[in-house]
Protein chains: 2
Amino acid sequence: MNGAESLVRSLIASGVDTCFTNPGTSEMHFVAALDHVPGMRSVLALFEGVATGAADGYWRMSGKPACTLLHLGPGLANGIANLHNAKKAGSGVVNIVGEHAETHRALDAPLMSDIEGLARPVSHWVHTSVSAADVGRDGAAAVTAARQAPGQVATLILPSDTAWTDGGPVTEAEAPDARTSIDAATMEQAARALSGPDSLLLLGGAALEADTLEMAGKISAQTGCALLSEWANARQERGAGRVAVNRVPYPIDAALDVLSKFKRIVLVGARAPIGFFAYPGKPAHLTAPGTEIIALADAGGDLVAALDGLMQETGAAGVTPAHVSDRAQVTVPSGPTEPRSIASAIAATLPENAIVVDEAITTGRAFFPATHGAAPHSWLNNCGGSIGYGLPVAIGAAVAQPDRKVLAMIGDGSAMYTVQSLWTMAREGLDVTVLIFANKTYQILRGELTNVGVGNPGPRAIDMLSLDRPALNWVDMARGMGVEAERVDEATDLARAIKAGLSSGGPYLIEVTC
Amino acid sequence: MNGAESLVRSLIASGVDTCFTNPGTSEMHFVAALDHVPGMRSVLALFEGVATGAADGYWRMSGKPACTLLHLGPGLANGIANLHNAKKAGSGVVNIVGEHAETHRALDAPLMSDIEGLARPVSHWVHTSVSAADVGRDGAAAVTAARQAPGQVATLILPSDTAWTDGGPVTEAEAPDARTSIDAATMEQAARALSGPDSLLLLGGAALEADTLEMAGKISAQTGCALLSEWANARQERGAGRVAVNRVPYPIDAALDVLSKFKRIVLVGARAPIGFFAYPGKPAHLTAPGTEIIALADAGGDLVAALDGLMQETGAAGVTPAHVSDRAQVTVPSGPTEPRSIASAIAATLPENAIVVDEAITTGRAFFPATHGAAPHSWLNNCGGSIGYGLPVAIGAAVAQPDRKVLAMIGDGSAMYTVQSLWTMAREGLDVTVLIFANKTYQILRGELTNVGVGNPGPRAIDMLSLDRPALNWVDMARGMGVEAERVDEATDLARAIKAGLSSGGPYLIEVTC
């Protein structure tokens with residue numbers, strides 16, 4: 001058993017059963033081991049950002065790390081943007097990055113680069129194996145690291161000689177450390193703070209699961225506090241029968257307005273709200289001056305214990321939760337596809353237990369409030385802000401939960417960064433319906449020009465944010481990668497197309513004119 | 001004049017007149033400045049690896065750095081693979097990377113990352129501007145750094161507050177340092193070493209221009225030494241009337257065989273040959289044991305002086321150069337498109353003064369020797385080994401030299417990494433004919449499985465290197481991005497299609513079945 005095989009067997013023994021891969025020469029022994037050793041599903045991507053984003057989505061829906069297989073420093077580099085997003089989402093990912101044999105590194109071969117240096121900014125844990133005997137143990141340690149709450153990015157660098165030399169024992173990962181426990185004094189302070197509509201319980205991470213949301217709903221019913229979540233959440237359970245929680249808005253003026261109401265904010269799995277960017281003359285902290293902020297539990301904390309404790313301290317355990325969404329019957333208006341009519345079409349067609357991947361950016365701001373009363377579903381946001389996350393995350397979500405339907409809602413600008421995802425969806429026959437919102441511009445940047453104080457952008461600036469010369473034809477691109485596709489520009493037709501896509505059982509792309 | 005404008009004006013004053021851009025919020029003031037200030041052509045890319053690869057190609061054909069405009073750490077990350085290639089090619093590139101305002105960085109906003117950490121592995125020079133007053137000077141310093149021989153990657157990180165605050169003076173870059181001069185004793189040693197067919201003059205970098213090649217041809221004629229270039233060259237001038245220089249082969253056994261003949265090797269702009277990868281049981285140094293290697297000049301050295309000196313020392317100045325290619329009349333055979341017939345079609349149609357971007361990988365190994373006698377042209381290789389370099393480099397080459405025709409020869413696997421390039425070609429109306437070699441596999445890795453000792457790969461390993469499920473339809477993908485396209489599977493039809501593409505005046509894609 002060579003090092004590569006000891007690694008594959010250790011990953012499998014540690015519960016890692018899925019590998020999103022784009023290999024090269026230095027990873028050929030790992031590829032061969034995947035062939036010999038049963039138990040690992042290998043999903044090929046044609047660009048590494050697809051593989052890393054898929055691993056992010058896989059963790060969000062399975063709670064287990066997948067591994068990626070990446071080719072040396074440049075292969076890792078192509079995956080960094082989505083590892084950044086995964087890291088910010090608290091997703092556990094194990095990267096296996098090939099490296100030259102030790103004797104070869106000193107020679108500065110063409111593909112030589114500082115892999116550890118590239119990995120560190122997006123990894124909680126980085127290690128280069130030094131001998132084949134250690135590789136299995138190193139793989140298990142990577143899995144242990146990836147599982148630490150809320151989930152971490154672990155990067156194991158595998159020199160090719162440690163892959164092809166005789167390996168050591170197969171090793172299992174250790175259980176992760178317990179989530180951080182809740183401080184009793186902070187709990188008392190938090191429970192006192194939640195009183196009336198000028199107090200806010202701000203939720204994030206694992207506080208947005210169905211059970212924890214129900215606890216939050218009870219606390220709100222009992223204390224009168226408001227509930228909000230962060231703008232971007234790795235996964236939020238929602239829809240009819242669940243406690244509805246709105247998000248702090250992205251546009252800074254709207255966020256300042258919403259948060260100005262609150263004198264006391266208790267954080268459970270969330271961070272104190274800050275601006276996505278700095279804007280001239282606007283505050284970075286979005287809460288009103290003097291707001292009392294009580295950090296009860298961060299994303300790695302025991303959020304069930306935090307909410308259960310608040311429930312007990314406020315006497316909310318027996319009450320009926322507030323803000324539970326009723327099932328809404330939505331009529332889709334006829335007429336052109338624009339944000340509100342699109343929102344209706346989505347709300348009307350979203351199937352029970354769907355997974356919604358939201359990278360709809362400007363077009364999608366109406367979608368979230370419009371779907372509080374849709375069938376119960378999971379909603380996934382981009383937590384790191386690097387666009388191009390949505391199509392890959394949809395792959396990972398579909399691989400993790402093949403019995404659920406995935407609806408990926410993606411802006412045209414965003415979709416282009418990782419457009420290669422469509423091919424992997426076709427290859428794996430994934431049950432993903434992709435909506436591409438073709439507004440033919442980096443629309444968000446039009447607003448941001450104003451926000452940063454550029455009052456009157458000229459034609460060359462506007463042109464640099466425009467995607468309409470030439471217009472992208474998403475139907476052609478999707479078919480070119482083996483995905484069936486159509487274009488719609490009318491809302492009831494969009495509802496029909498979404499139903500067709502969802503019932504196709506495989507990937508289906510709808511270009512939505514907007 | 002704010003910092004952003006002082007930067008744009010300083011870049012223009014320093015001779016930087018082209019910006020390959022994919023901006024975000026933190027770069028909006030730079031975008032606004034590009035609008036107000038004349039003199040900078042802005043070329044939008046839909047993925048950052050397109051922008052950085054284009055800057056590489058631009059340098060190779062113009063000898064001037066272009067700048068890139070990238071959005072924070074993840075935007076830089078998406079450009080790293082092609083910056084790696086640019087760095088290994090000795091291309092000068094100035095990256096402008098937006099960053100959060102200083103006050104915002106401490107807050108760990110979603111897009112916060114260690115930009116300097118990401119930049120360092122692929123940059124010779126990294127600097128974060130600390131005040132708006134310095135930004136113009138910092139931009140000029142970046143250009144100075146980029147121009148250092150043979151060409152360097154310089155990354156300037158621009159916090160948004162330094163862009164929007166009042167800026168300092170417009171500053172011009174300094175002239176680069178002179179190229180490293182040649183050591184007289186080494187010159188004597190080198191001249192003595194070049195004697196007979198068991199001596200080799202190994203060329204790289206600026207030693208592959210038409211004039212320097214002619215000197216090398218004279219030296220070869222006079223001394224009987226062989227001429228070779230490195231496997232990958234940033235730019236080699238070749239074709240009829242020029243001194244033909246073959247490349248050290250990529251496959252390790254072929255390279256060992258070719259190099260085993262030589263007892264003495266003089267390096268001019270090249271490095272001593274090493275394997276692209278380490279292979280079990282094979283040497284890393286590709287020269288025969290005991291070979292005398294004389295490093296006369298590295299890529300940053302004064303290669304004209306090195307070759308002129310050798311010419312004088314060997315008495316070759318007055319002789320007729322050896323290895324000058326005659327114009328070859330090529331007949332394209334009828335029959336299916338396979339490597340040799342494709343090579344004939346290329347050799348027969350290559351127009352005078354074309355720029356050939358070679359990322360044809362396995363399919364293309366026959367193309368280089370077959371085109372020694374084609375019309376004079378420039379030939380560009382991938383020096384860093386990270387695939388996905390070809391389409392972006394073709395963009396940069398076409399922008400730098402709009403009067404020349406670009407032929408981009410790309411493997412299907414490689415082309416997918418930066419497929420977004422096609423849209424930029426369409427938008428800018430670039431005169432690029434793209435050949436996609438659709439062998440529907442990572443064919444090179446099939447060979448590498450054997451080379452690293454995996455004798456009998458199983459079906460799952462083979463499947464992980466296969467791109468045929470589903471087959472990519474390049475005609476659809478190209479049209480989806482606004483590029484006219486066709487598919488050919490017959491060699492004389494390929495010759496016709498290449499002529500049609502080259503005479504179209506704009507981008508044209510040909511999917512070549514192989």
Side-chain angles (χ1 to χ4, degrees), chain A residues 21 25-26 28-29 31-32 34-35 42 44 46-47 74 77-78 80-81 84 88 100-101 103-104 107 109-111 113-114 117-118 120-121 160 164 274 276-278 280 284 383-386 416-417 420 426-427 448-449 452-454 457-458 460-461 464 469-470 473 476-477 479-482, chain B residues 21 25-26 28-29 31-32 34-35 42 44 46-47 74 77-78 80-81 84 88 100-101 103-104 107 109-111 113-114 117-118 120-121 160 164 274 276-278 280 284 383-386 416-417 420 426-427 448-449 452-454 457-458 460-461 464 469-470 472-473 476-477 479-480 482:
Chain A
T21 167
T25 298
S26 37
M28 282 299 101
H29 282 274
V31 168
L34 288 175
D35 196 281
S42 297
L44 180 62
L46 299 185
F47 172 70
N78 278 335
I80 283 176
H84 168 91
K88 300 282 179 166
H100 287 304
T103 51
H104 213 68
L107 304 180
L111 273 163
S113 66
D114 174 9
L118 289 168
R120 245 175 245 117
S160 56
W164 71 54
I274 56 166
F276 208 89
F277 293 101
C383 300
S386 177
M416 281 304 287
Y417 290 81
Q420 304 90 342
R427 178 173 161 104
E448 295 291 55
L449 271 167
V452 301
V454 177
R460 293 201 294 172
M464 239 180 297
R469 189 164 56 78
N473 184 324
D476 282 348
M477 282 194 285
R479 289 183 181 154
M481 287 181 258
Chain B
T21 167
T25 298
S26 37
M28 283 299 101
H29 283 273
V31 168
L34 288 175
D35 196 281
S42 297
L44 180 61
L46 300 185
F47 172 70
N78 279 335
I80 283 177
H84 167 91
K88 299 283 180 167
H100 287 303
T103 51
H104 214 66
L107 304 180
L111 273 163
S113 66
D114 174 9
L118 289 168
R120 245 175 245 119
S160 56
W164 71 53
I274 55 165
F276 208 88
F277 293 101
C383 300
S386 177
M416 281 304 287
Y417 289 81
Q420 305 91 342
R427 179 174 161 105
E448 294 292 53
L449 271 168
V452 301
V454 178
R460 293 200 294 174
M464 241 181 295
R469 190 164 56 79
L472 292 161
N473 184 323
D476 282 348
M477 282 193 285
R479 289 183 181 154

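Any value given below was found using the heavy atoms of this structure, including those in side chains, with hydrogens, waters and symmetry copies removed. Chain naming here is simple, since letters A, B, ... match the order of the sequence lines and numbering starts at 1 in each. Here the structure is a predicted model, which means the values were calculated and not measured.
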Original post:
Looking at NE2 of His84(A) and CG of Leu111(B), how far apart are the two atoms once the value is rounded to the nearest 0.5 Å?
Top reply: 5.0 Å
Original post:
For Leu34(A), is it the side chain, the backbone, both, or neither that has a heavy atom closer than 4.5 Å to a heavy atom of chain B?
Top reply: both
**OP:** Flag the one option from Glu448(A), Met464(A), Arg427(A) with the top tally of heavy-atom pairs under 4.5 Å to chain B.
**Re:** Arg427(A)
**OP:** Measure distances from Thr21(B) to the heavy atoms of chain A and classify the residue's part below 4.5 Å as side chain, backbone, both or neither.
**Re:** side chain
Subject >> Any donor-acceptor pair under 3.5 Å from Asp476(A) side chain to Asp476(B) backbone >> reply: no
Original post:
Residues in ring-ring contact (aromatic ring centres under 6.0 Å, His included) with His104(B), at least two apart?
Top reply: His100(B)
Subject >> Winner by heavy-atom pair count (cut-off under 4.5 Å) against chain A, out of Asp114(B), Leu472(B), Ile80(B) >> reply: Leu472(B)
Subject >> Contact leader toward chain B among Ser386(A), Ala101(A), Ala32(A), where contacts are heavy-atom pairs under 4.5 Å >> reply: Ser386(A)
Subject >> Greatest number of heavy atom pairs closer than 4.5 Å to chain A - which of His29(B), Arg469(B), Met477(B) >> reply: Arg469(B)
Original post:
Stepwise, does the side chain to side chain contact (heavy atoms under 4.5 Å, CB included) test hold for Leu118(A) with Ser113(A)?
Top reply: CA-CA 9 Å; Leu118(A) 289 168; Ser113(A) 66; 4.1 Å; yes
Original post:
What residue, out of Gly385(A), Gly384(A), Cys383(A), Ala426(A), has the most heavy-atom pairs lying under 4.5 Å from chain B?
Top reply: Gly384(A)
Original post:
If every non-hydrogen atom of Gln420(B) is compared with every non-hydrogen atom of Gln420(A), which pair is closest and at what distance?
Top reply: NE2-NE2, 3.9 Å
**OP:** List the atom of Gly117(B), the atom of Pro121(B), and the distance in Å for their closest heavy-atom pair.
**Re:** O-CD, 3.1 Å
Original post:
What pair of heavy atoms forms the shortest contact from Tyr417(B) to Phe47(A), and how long is it?
Top reply: O-CD1, 3.8 Å
Original post:
Pick from Asp35(A), Ile274(A), Val31(A): which one has the most heavy-atom pairs with chain B under 4.5 Å?
Top reply: Asp35(A)
Subject >> Contact class of Leu44(B) relative to chain A, heavy atoms under 4.5 angstrom >> reply: side chain
Subject >> Part of Arg120(B) within contact of chain A (heavy atom distance under 4.5 Å) >> reply: neither
Subject >> Thr25(A), part contacting chain B, at a heavy-atom distance under 4.5 Å >> reply: both
Original post:
Most heavy-atom pairs under 4.5 angstrom with chain B, which of Gly453(A), Gly482(A), Ser26(A), Pro280(A)?
Top reply: Pro280(A)
